Amino acid sequence: MSGTGGACADVVVVGAGAAGLACAADLLAAGLSVRLLEADDTVGGRMRTDRIGGFTLDRGFQVFNTAYPQVKRRLDLKALRLRPFTPGVLAHTSDGPRRFGDPTRRPRHGGPLPAEGASVRDTVALGLLSARDMLAPVSWLRGRPDATTATALAEAGLSAGLVETFLRPFLSGVFLEDDLETSARFFHLVWRTMLRGTPCLPADGIGAVPAQLAARLPDGVLRTGARVAALTPDGVALAEGGGLSARTVVVATGQSAAARLLPGLRVPPGRTVTTLYHAVARSPLAEPTLVVDARRRFLNSCVLTELHPGYADDGRALVSTSVLGSPGPDATAAVEAALGEAYGADVADWEAVHRVTVRDALPAMPPPLALSRTSRFGPGRYVCGDHRATGSLQGALASGARAAREVLADLRAAPDAPAAAPPQP
Ligand SMILES: Cc1cc2nc3c(=O)[nH]c(=O)nc-3n(C[C@H](O)[C@H](O)[C@H](O)COP(=O)(O)OP(=O)(O)OC[C@H]3O[C@@H](n4cnc5c(N)ncnc54)[C@H](O)[C@@H]3O)c2cc1C
């Protein structure tokens, strides 16, 4: 192979986030030789956890849900030592805190049904929406015409009051945008997952999820610290020099890097989020509950040590708070003031221990949203990741699985040639 040299594999997968890990695992299970190249020093991509100063700090707050089909299929949940959040959320409003319960769980688990102070009309409307999302087949949800989530909530008969107090503050933390312009198809799938599953976090942080997938790979498959600079006619070239030969390359890098490696690939814009971590002498809320702000000065906040006391070595409480975008120092002070109101706490002695901004944390998902898109980009070239499905762990894993299926189908159809596929930007 010209210019790149090195070992040869049936398939090179570029990027060891959830999508690349799932794709590599499925190709290996089918008997192919696979090399998985990761630019970073470890796997996980957007699902990484750092241990800094005795704190367990995810690179951006995220929630693990047990109801994702790909999660059930691939992960040993017991080994993750999951602890659940309280179902529902606590909304900080101008009238004080108000609980928003999970309409399918008993009050002692989920608070009022569905919300403190909700009208009968809202209670019925949300109950109907929830029952349908929980019970209808996914194919039905997929097949319906798409619209924005704002439109879908209005069409479901939910009042502006309920939307502004609970649903917009909560969903903006899920979509990482607060106009509710995200696809209603995605909203219904997320709502279904939340109703059917349990939101929780692993004892070692969200990074334990990809770490478990990586631990199952045979020796010699994964190479970290290997940044792919370009795709070549017969494989990939590495930024450090040299490269790998492969008949087939799957780009599983996340949307921006994928667009660089595959010129002509269309990718959606990304959403940016910042998570602030504070260490506090005493927990400001003695329960593992997501707090949202109806005035939307922050997206969500929670006391992580109420789930896992081990997230802070020194016995203090660790509070995670996320905000849209990348706020400057002035905005951070305003967020801290809002936290003081929301928790009813004096934040003067809260220690800011860490802050992380994630660009392209999620792909934008405006309607109409195709919940799954082909990985075929061109002959011998495939692309997967959450930007080809939905911005979620489920979307990333499912996209990786789809890429593996399409690679295998093409190799079986033309075993001696690079898989021929029409370009699909
Ligand atoms: C702050 C935040 C909150 C989230 N909250 C949730 C949530 O609550 N629930 C949920 O389900 N999902 C959530 N998500 C989304 C979920 O984490 C992602 O959808 C998923 O991790 C994406 O996986 P991926 O494999 O598609 O991409 P990535 O995780 O981005 O993986 C791409 C990998 O490719 C590597 N790479 C890039 N360029 C190169 C190159 N040139 N050569 C080699 N390797 C390269 C990267 O280093 C990375 O490891 C959240 C994400 C963030 C960031």
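Ligands are counted one by one from 1 in listed order, and the atoms in each one are counted from 1 as well. Quantities reported herein were computed from a predicted structural model and do not represent experimental measurements. Just so you know, these numbers use all the heavy atoms, side chains as well, and skip hydrogens, waters and symmetry mates.
Looking at Leu201 and Leu304, their side chains come closer than 4.5 Å, going by heavy atoms from C-beta outward.
For ligand 1, the atoms sitting less than 4.0 Å from at least one non-hydrogen atom of Met47 are 17 (O), 21 (O), numbered in the order shown with element in parentheses. Close approach to Gly60 involves these atoms of ligand 1, each under 4.0 Å from a residue heavy atom: 1 (C). Within ligand 1, counting atoms from 1 as listed, the ones closer than 4.0 Å to a heavy atom of Ser392 are 10 (C), 11 (O), 12 (N), 19 (O). If you number the atoms of ligand 1 from 1 as listed, the ones under 4.0 Å from a heavy atom of Leu37 come out as 43 (C), 44 (N). Listed by number with element, the atoms of ligand 1 under 4.0 Å from a non-hydrogen atom of Val358 are 53 (C). Listed by number with element, the atoms of ligand 1 under 4.0 angstrom from any heavy atom of Ala361 are 51 (C), 52 (C), 53 (C). The ligand atoms of ligand 1 that sit less than 4.0 angstrom from a heavy atom of Gly385 are 26 (O). Atoms of ligand 1 found under 4.0 Å from any heavy atom of Gly44, numbered from 1 in the order shown, are 29 (O).
With distances taken over non-hydrogen atoms, the option nearest atom 17 (O) of ligand 1 out of Arg48, Gln62, Glu38, Arg59 is Gln62. Comparing heavy-atom distances from atom 38 (N) of ligand 1 across Ala252, Gly20, Ala257 singles out Ala257 as nearest. When the options Val273, Leu393, Ile206 are ranked by their closest heavy atom to atom 1 (C) of ligand 1, first place goes to Val273.
Looking only at atom types and distance, the side chain of Glu287 has a donor-acceptor partner in the side chain of Thr289 under 3.5 Å away. Donor-acceptor pairing under 3.5 Å is recorded for the side chains of Glu406 and Thr374.
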### Task
Kindly determine whether Asp58 and Arg48 satisfy salt bridge (charged side-chain N to carboxylate O under 4.0 Å, His left out), including the steps that lead there.
CA-CA 6 Å; Asp58 288 342; Arg48 290 279 302 268; over 6 Å; no

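In this structure, CG in Leu290 is found 9.5 Å from CG in Leu90, a value given to the nearest 0.5 Å.
Considering backbone and side-chain atoms alike, Leu261 places every N or O at 3.5 Å or more from each N or O of ligand 1.
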